[in-house]
Amino acid sequence: MQDVIVIGGGIVGLATAYQIKTKSPDTKITILEKEDRVAKHQTGNNSGVIHSGLYYKPGSLKATNCIKGYNMLLDFCQKEEIPYDLCGKIVVATDESETAYLDILKGRGEQNGLTGLISLDSKEALQEYEPHVNGVKGIYVPQTGIIDYTAVCEKLRDKLLEQDVDIVFNSKVLSIKDSQDSRMVEASSGSYEGKIVVNCAGLYSDKVAHMSPTKPDLKIVPFRGEYYELKEDSKHLVKNLIYPVPDPNFPFLGVHFTRMINGGVEAGPNAVLAFAREGYKKSVINVPELLETLTWPGFQKVAAKYWKTGFGEMYRSFSKAAFVKALQKLMPEIQESDLKTGGAGIRAQACGRDGVLFDDFQIYEDEHFVNVCNAPSPAATSSLAIGDTVSEKIINKL
Ligand SMILES: Cc1cc2nc3c(=O)[nH]c(=O)nc-3n(C[C@H](O)[C@H](O)[C@H](O)COP(=O)(O)OP(=O)(O)OC[C@H]3O[C@@H](n4cnc5c(N)ncnc54)[C@H](O)[C@@H]3O)c2cc1C
């Protein structure tokens, strides 16, 4: 029998196993991952940004884990020689109406412990950092960086294999039998018996949580984020990272420009309802999953309140011209011809029955289970800190 069974080989599951092994090397761990490799879903399709902790409510799990995770991630990458670049970013208010929230963000950043934030009080000041940007005010955040999170996961995988952790790919968890002595996890590859089960299943974390005694009253709503890439000749328009002031009503940061660690530059991601939890293309529809989303009372409340924004995002998803128009707020000279279609990622956004889109990380536990049911951005940045917290809970249960 294993001590711990981790479900999900994304960055949160791998970081959790890594932290358990660091604290308690003799713990026997199996990781079950339904795909044939690590990081195939959220982790491998994200923006590749190392977030600094600017946006998050002081005291929230996001704020504390982002700063702690940021430092742990950089230490890990230095030790394991994984490339990253702390290139800094600017957040840009494109008109006066956005400046009040920009000031709130700066205050939050400082409360969260960020130092060296610089207020940029004119278009000229913004253009010293990003010559092609347009705006009235902004903040320069020196701590923000870029990285390849798949490379981080591959290193975590290798470290875990060296420490005799079993990582079983092509292993979809179908059910869990909970008895007094053990948990029997039935997966597509066989049965696995463990003392403690940790659910880090991302887009299916609600489904897996419902296989445990704790049945959180939430549903994962999949929001696809689509990217364009700047063509080779247009990459000079972006030096590093350019973000808008986010809409405080939504848990997403808004379409931004991101220089990637591999040398590309992305524009995106938007946020459209995906018609399948792993529907990376608009054409992919999973009818039962879509019906489940549409009939969830929480989603219906969100849709009733924000249908206009939702349709706007949908329109921009189908119309490149509309997407470019949104980008032109930040960079007037950008044209459709500067962009080619890029990839997409899908956010696992937990939505409560009452219509709340959970902003903070949500972790539910009982005697033998830990369910990580909402680990949205910046959970890749924070992964080693989330893993640290979850590993403490597990070690206490063993
Ligand atoms: C578009 C986008 C941009 C983002 N940008 C950033 C960013 O720049 N910086 C940042 O810090 N964060 C960012 N994030 C957030 C970050 O990527 C996620 O928070 C993080 O990757 C979550 O990791 P995870 O391990 O929880 O989920 P995942 O990476 O989705 O991993 C979950 C794993 O569980 C597996 N699984 C699911 N069900 C089962 C089952 N039944 N049995 C076995 N295995 C199962 C899946 O196959 C998957 O591999 C972004 C996210 C998206 C979608």
Side-chain angles (χ1 to χ4, degrees), residues 10 12 41-42 45-47 49 51 53-66 101 104-105 108 199-210 214-226 243-256 268-279 289-314 316-317 344-364 371-382 386:
V12 173
H41 292 290
Q42 293 179 92
N45 295 296
N46 66 20
S47 298
V49 174
H51 284 292
L54 178 75
Y55 300 100
Y56 319 117
K57 241 196 212 139
S60 64
L61 285 178
K62 267 194 181 177
T64 49
N65 282 292
C66 186
Y101 194 58
I104 292 175
L105 289 184
R108 276 189 183 177
N199 160 18
C200 303
L203 284 153
Y204 290 94
S205 56
D206 56 342
K207 299 275 179 212
V208 173
H210 276 253
T214 308
K215 301 192 189 315
D217 202 16
L218 52 77
K219 189 80 68 192
I220 295 294
V221 176
F223 283 99
R224 189 173 54 248
E226 298 155 331
Y243 277 67
V245 175
D247 179 341
N249 291 312
F250 292 99
F252 313 126
L253 296 181
V255 168
H256 44 87
N270 57 3
V272 284
L273 178 69
F275 295 159
R277 291 191 186 208
E278 293 172 354
E289 287 186 357
L290 178 59
L291 282 177
E292 218 184 308
T293 300
L294 297 179
T295 55
W296 176 243
F299 176 75
Q300 291 171 353
K301 290 189 177 97
V302 172
K305 205 165 161 196
Y306 298 117
W307 63 270
K308 243 182 170 169
T309 312
F311 276 114
E313 286 288 299
M314 207 71 113
R316 273 189 292 280
S317 164
I346 304 189
R347 305 169 183 90
Q349 175 60 53
C351 174
R353 183 178 291 277
D354 55 358
V356 68
L357 291 176
F358 287 101
D359 186 45
D360 212 356
F361 303 144
Q362 300 292 315
I363 301 174
Y364 302 87
N371 290 295
V372 181
C373 282
N374 197 49
S377 184
T381 307
S382 313
I386 298 173

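Along the sequence shown, residues carry numbers from 1.
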Do the side chain of K62 and the main chain of S377 share a donor and acceptor less than 3.5 angstrom apart?
-> yes

Would R108 count as a cation-pi partner of Y55, with NZ or CZ less than 6.0 Å from the six-membered ring centre and within 45° of the ring normal?
-> no

Y243 vs L253 side-chain heavy atoms within contact, under 4.5 Å | yes

Judged by atom type as modelled, is there a donor-acceptor pair below 3.5 Å linking the side chain of R224 to the main-chain atoms of L273?
-> no

Nearest atoms (heavy-atom pairs only) where V272 meets S317 = CG1-CB, 3.7 Å

For A350, which residues count as a side chain to side chain contact (heavy atoms under 4.5 Å, CB included) partner, sequence neighbours excluded?
-> L218, I220, F358, N374

Qualifying residue for side chain to side chain contact (heavy atoms under 4.5 Å, CB included) with C200, from V208, V12, N371, I386 | V12

Nearest heavy-atom pair of A271 and E313: which atoms, and what distance?
-> N-OE1, 2.6 Å

Would you indicate whether the side-chain heavy atoms of F275 and E289 approach each other to under 4.5 Å?
-> no

Minimum side-chain heavy-atom gap I363-C373 below 4.5 Å = no

Looking at S47 and P269, what are the two nearest heavy atoms and their distance?
-> OG-CD, 4.0 Å

Salt bridge present between R277 and E292 (N-O < 4.0 angstrom) | yes

List the atom of W296, the atom of C351, and the distance in Å for their closest heavy-atom pair.
-> NE1-O, 3.1 Å

Which donor-acceptor pairs under 3.5 Å do side chains of residues 297-312 form with protein atoms, sequence neighbours excluded?
unit_1: Q300; atom_1: NE2; unit_2: L294; atom_2: O; d: 2.9
unit_1: K301; atom_1: NZ; unit_2: R353; atom_2: O; d: 3.4

So do P222 and Q349 actually touch side chain to side chain, heavy atoms under 4.5 Å?
-> no

Quick one: CG on D206 to CG on D217, what's the gap to the nearest 0.5 Å?
-> 11.0 Å

May I ask you to decide if L291's main-chain N or O and T295's side chain share a donor-acceptor pair within less than 3.5 Å?
-> yes

Just by distance, do the side chain of T381 and the backbone of H51 share a donor-acceptor pair under 3.5 Å?
-> yes

Give, for atom CG of N65 and atom OH of Y56, the distance between the pair rounded to the nearest 0.5 Å.
-> 11.5 Å

Can you find a pair of side-chain heavy atoms, one from T64 and one from P58, that are under 4.5 Å apart?
-> no

Without hydrogens or angle criteria, can the side chains of E226 and N270 be said to hold a donor-acceptor pair below 3.5 Å?
-> yes

Give a yes or no answer on whether the side chain of H210 reaches the backbone of P216 with a donor-acceptor pair at less than 3.5 Å.
-> yes

Considering all heavy atoms of both residues, which atom of A375 and which atom of F361 are nearest to each other, and what is their separation?
-> CA-CD2, 3.9 Å

Calculate, to the nearest 0.5 Å, the distance between atoms CD1 and CG belonging to I346 and L203 respectively.
-> 6.5 Å

Minimum heavy-atom separation for Q42 to G202, with atom names?
-> NE2-CA, 3.6 Å

With sequence neighbours excluded, tell me which residues meet side chain to side chain contact (heavy atoms under 4.5 Å, CB included) with D247.
-> N249, F250

Please examine the side chains of Y101 and P248, heavy atoms only from C-beta on, and report whether any two atoms are closer than 4.5 Å.
-> yes

